[in-house]
Amino acid sequence: MADFIQLLMNGLALGSVYALAAIGFVIVYSATGVVNFAAGQFVMLGTFAGVATLVNGGWSLPAGYLGALAAMALFGALFYAVVYLPLRNSPAVTMIIGTVAIGITLQNAALLGFGSWPFRLVSPFEGMTVDIAGAVVPVHAIAVVVTTAVLIGLLWLLFNRTTLGIAMRAVAQDLVAARLMGLKVGALLAFTWILAAVLAGVAGLMLGPMWFADVNMGDPIALKAFAATIIGGFGSLPGAIAGGLFVGLTEVLGAAYVSSAYKDLIAFGAMILFLLLRPQGVFGERIQDRG
Amino acid sequence: MRSLLGVAALLIVGLALSLIVSEYTLRLLNLAVVAAVAVVGLNFAFGYAGLISLGHAAFVGLGAYVLAILTTKLGWSPWLAAVPAVIGTGLAAAVLGYPLLRLKGHYLALATLGLNVSFGIVATNWIDLTGGTNGIANIPGLTIAGHELSGERPFLWFGLAVLAALALIAAVIHRSRYGRAMMAVRDDETAAAMTGINVTRMRVAAFTLSALYAAVAGCLFATHIHFISPDDFSYAHSITHLAMLIVGGEATIAGAILGAVLLTFLPEWLRVLGDAYLAFFGLMTLAILIFLPTGIVGLATRWVRRPAPPQADAAIGAEEASRP
Amino acid sequence: MSILRAEGISKRFGGLLALSDIDIRVEEGEFVALIGPNGAGKSTLLNVLTGLTPPTAGHIALDGRDITHASTHARVRAGLGRTFQRGRLFGRLSVIENVMTGVANRPGRSGRELRELARAQLARMGLERFAEHAIGSLSYGNSRMVELTRALACEPRVLLLDEPAAGLNSGEVEDLMTRLRAISTERRLAIVLIEHNMGMVMRLAQRIVVLNFGSRIAEGTPAAVQADPAVLAAYLGEGFSHAGL
């Protein structure tokens, strides 16, 4: 039982990170129709922004986190201008290849900047654990789950209670109508990319202490985020959260109770099953091809 | 006639190159030819039928693994092993295609991506059969009339012959009723069904054809390198195949071959940049997508003929206006 | 025996009853018009007949054979043809290749035969000179005619036309009417026409079926339908000028 609780908390923490990556992916997809294959590299970049400020720069924790997230916001704006804008009218598949190409660039730029040796990003709760029903649970895992929950709450407020968020939803639903209503569509789309990059940054900073920070960590995260999105429902925010938690839990619990070699096959098998049997996922309403 | 000329040009250029370039360039040319076979195949699925497949490398891998296992474990000749490798891969694609190809656009892209990742997981972990991450070594090379195609140069000649034959077959299919039906399905699925085309079957046929070509590429790869491992068939390779097709351009066979050659050599040309070469490779690919949206072939045809101005949009506008 | 017979067709989209218990019969060589205000369910009925939308209830028979559950391409091969409200040609194929996809329906034809048959179909419609043209280079009127030619190339026994005159100028409409009349008599082809141009409907149709809110509210000769108070009311409800009666 103690083992189970410990695994459950680790799974929830990992799932929270996947959920955040998936949310960034979904926000971008809903607003722009872009399937961002560089989403994993966004998270990787978040981790390494933390490495740059905290490890290499030696900044204090709050300054380091803020600096890293500010850098991610800047990166989101840059991505909007350099990748999204020039390709926004291209066919879906060109956009896929474009984001993959830039993902390769990001990964190798990180390799140039940080080398192939993995870094260890320290948690604010380094070494701290709590005892839950006999299980030793790292405080970091709890902090990750709580931070994610708070962020999800803030996102909900943004999209439902603020003019900015409602305008973003309008753009996501009907770009032309939004433009006719006088909304600044360009600025809103840019903000969407910035938001996605910052969320990926948070995910990266939280993942850093759980994994080793390695420039190749992007692809596995992106694949998990894709699986989470399909299972939860393409384009659905609750779906991204549920899917992310599911993928994280199956990865941790599957490795412990089923087979560590085939742990990833559970998530991807579930993803393929969903695609075949219920392509709209758990929470998806519409099934249409925006391609 | 035009396709015969194209194939003749391919053979002449290939043969000429094979006599003058270095051993290292020959090796790259061989990799380009193997990639070209796979990409000419992918052109059926993506170029003609519009199926965004991110799982093409899994079919290359399936062909390669079947050949490798039959030759190294059972001692089959690679020629004999290639038969079940190619046919088995085609069957696998057909069986997977029926459920998968109901999905469209991004859904199909992610489903085939999942398929490719799943293939990698199985190839990595079914160690008894595949050797896991250590892969399968000592795959025998091909022999023709007692001569082994051991050097890079003889292999290139053989590879070019295979590519030329497969490109010709692809050209014939392109111009046949099946090629037309695939393109009709891509352009307008509903209208295609309304001209009596079995849309599902055409999709599966295009997907299966692309997998058959992929399996041939896999067999060539295995007998050329003599060693395979799961990394050779990761989904990154699937994306490279798609990138080759798009960079080559306009859903054409010539574009598929040009794209395969260019994206095989581009990283090598960028090696002068030292450690930064892959970062620049990504940027260059992005630049090609932005500035050459119709690829190399599109650029060439734009020079030759100017397209007629599209009138359909204006007419649709008139239709709206004329409604009472 | 009716060549096309649909009985008790209903179609429900969620809470909306788009078609309610529709019966429709078409005889061999007959020219039937299907009219009704916007949203009456005309296109939905065409989609149900062609298998693009499954009906919630009802049966469809083509030439006495039940095709209720047949796929679209099977219906086409059994003799059902259709054009779409907005021209839907295959943009990457040439004009003759578009027509060839229709000709290719019948098995056992060589590639050369397909091309010759397609050329003959184009010649019959006076479109031969456009055979090798790209679709994008056609005028709107010609692209609609090519679409009609492609549908005819499938050798249908019943042809469903969804607003074929929309967007055509008056000369083109006259030309279309002449051709449709000739096609219907020469080929013993039954035609079901959806059209907002009432002048065209009155001159071409032998029988008119009127739909409103998914129900059949009238049926009969053009003269009878024109005098039917229920029909007038249906169109009046939406604005009299709209019907052009």
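Just the heavy atoms: all of them, side chains too, but no hydrogens, waters or symmetry mates, feed the values below. Labels below follow one simple rule: chain letters A, B, ... track the order of the sequence lines, proteins then strands, and each chain is numbered from 1.
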Is it true that atom [atom1] of [X] has more than 12 heavy atoms of other residues, nucleotides or ligands lying nearer than 6.0 Å?
X: Arg179(A); atom1: CZ; value: no
X: Phe212(A); atom1: CZ; value: no
X: Phe119(B); atom1: CZ; value: yes
X: Arg169(A); atom1: CZ; value: yes

Top contributor to chain A interface from Val247(B), Ile52(B), Leu283(B), Ile288(B) [non-hydrogen pairs under 4.5 Å]: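 That would be Leu283(B).
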
Counting heavy-atom pairs closer than 4.5 Å to chain A, which one of Gly282(B), Pro293(B), Ala109(B) comes out on top?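 Among Gly282(B), Pro293(B), Ala109(B), the one with the most close pairs to chain A is Gly282(B).
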
If we only count heavy atoms from C-beta on, is the [X] to [Y] side-chain gap below 4.5 Å?
X: Leu223(A); Y: Tyr235(B); result: yes
X: Leu289(B); Y: Ser90(A); result: no
X: Val100(A); Y: Thr285(B); result: no

Go through the atoms of Phe37(A) and report whether side chain, backbone, both or neither lie under 4.5 Å from a heavy atom of chain B.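 Only the side chain of Phe37(A) comes within 4.5 Å of chain B.
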
Compare every heavy atom of Trp126(B) with every heavy atom of Tyr262(A), then report the nearest pair and how far apart it is.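 Looks like OH-N, 3.5 Å.
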
At their closest point, which heavy atom of Ala279(B) faces which heavy atom of Ala109(A), and how far apart are they?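 Heavy atoms of Ala279(B) and Ala109(A) come nearest at CB-N, 4.2 Å.
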
Picking from [options], which has the most non-hydrogen pairs under 4.5 angstrom with chain B?
options: Thr94(A), Leu265(A), Val83(A); result: Leu265(A)
options: Val82(A), Ile96(A), Ile102(A), Asp219(A); result: Asp219(A)
options: Ile104(A), Val93(A), Ile272(A), Leu111(A); result: Val93(A)

Can you measure from CG (Leu113(B)) to CZ (Phe268(A)) and round to the nearest 0.5 angstrom?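 CZ of Phe268(A) is found 7.5 Å from CG of Leu113(B).
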
Out of Leu87(A), Ile97(A), Thr105(A), which one pairs with Leu286(B) under the side-chain contact (heavy atoms from CB on, under 4.5 Å) rule?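 Exactly one pass, corresponding to Leu87(A).
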
I need the single residue from Val34(A), Val35(A), Thr229(A), Ile230(A) that forms a side-chain contact (heavy atoms from CB on, under 4.5 Å) with His106(B). Which is it?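 Between His106(B) and the candidates, side-chain contact (heavy atoms from CB on, under 4.5 Å) is satisfied uniquely by Val35(A).
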
Could you look at Phe291(B) and say if it's the side chain, the backbone, both or neither that has a heavy atom under 4.5 Å from chain A?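 When you check distances to chain A, no heavy atom of Phe291(B) falls under 4.5 Å.
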
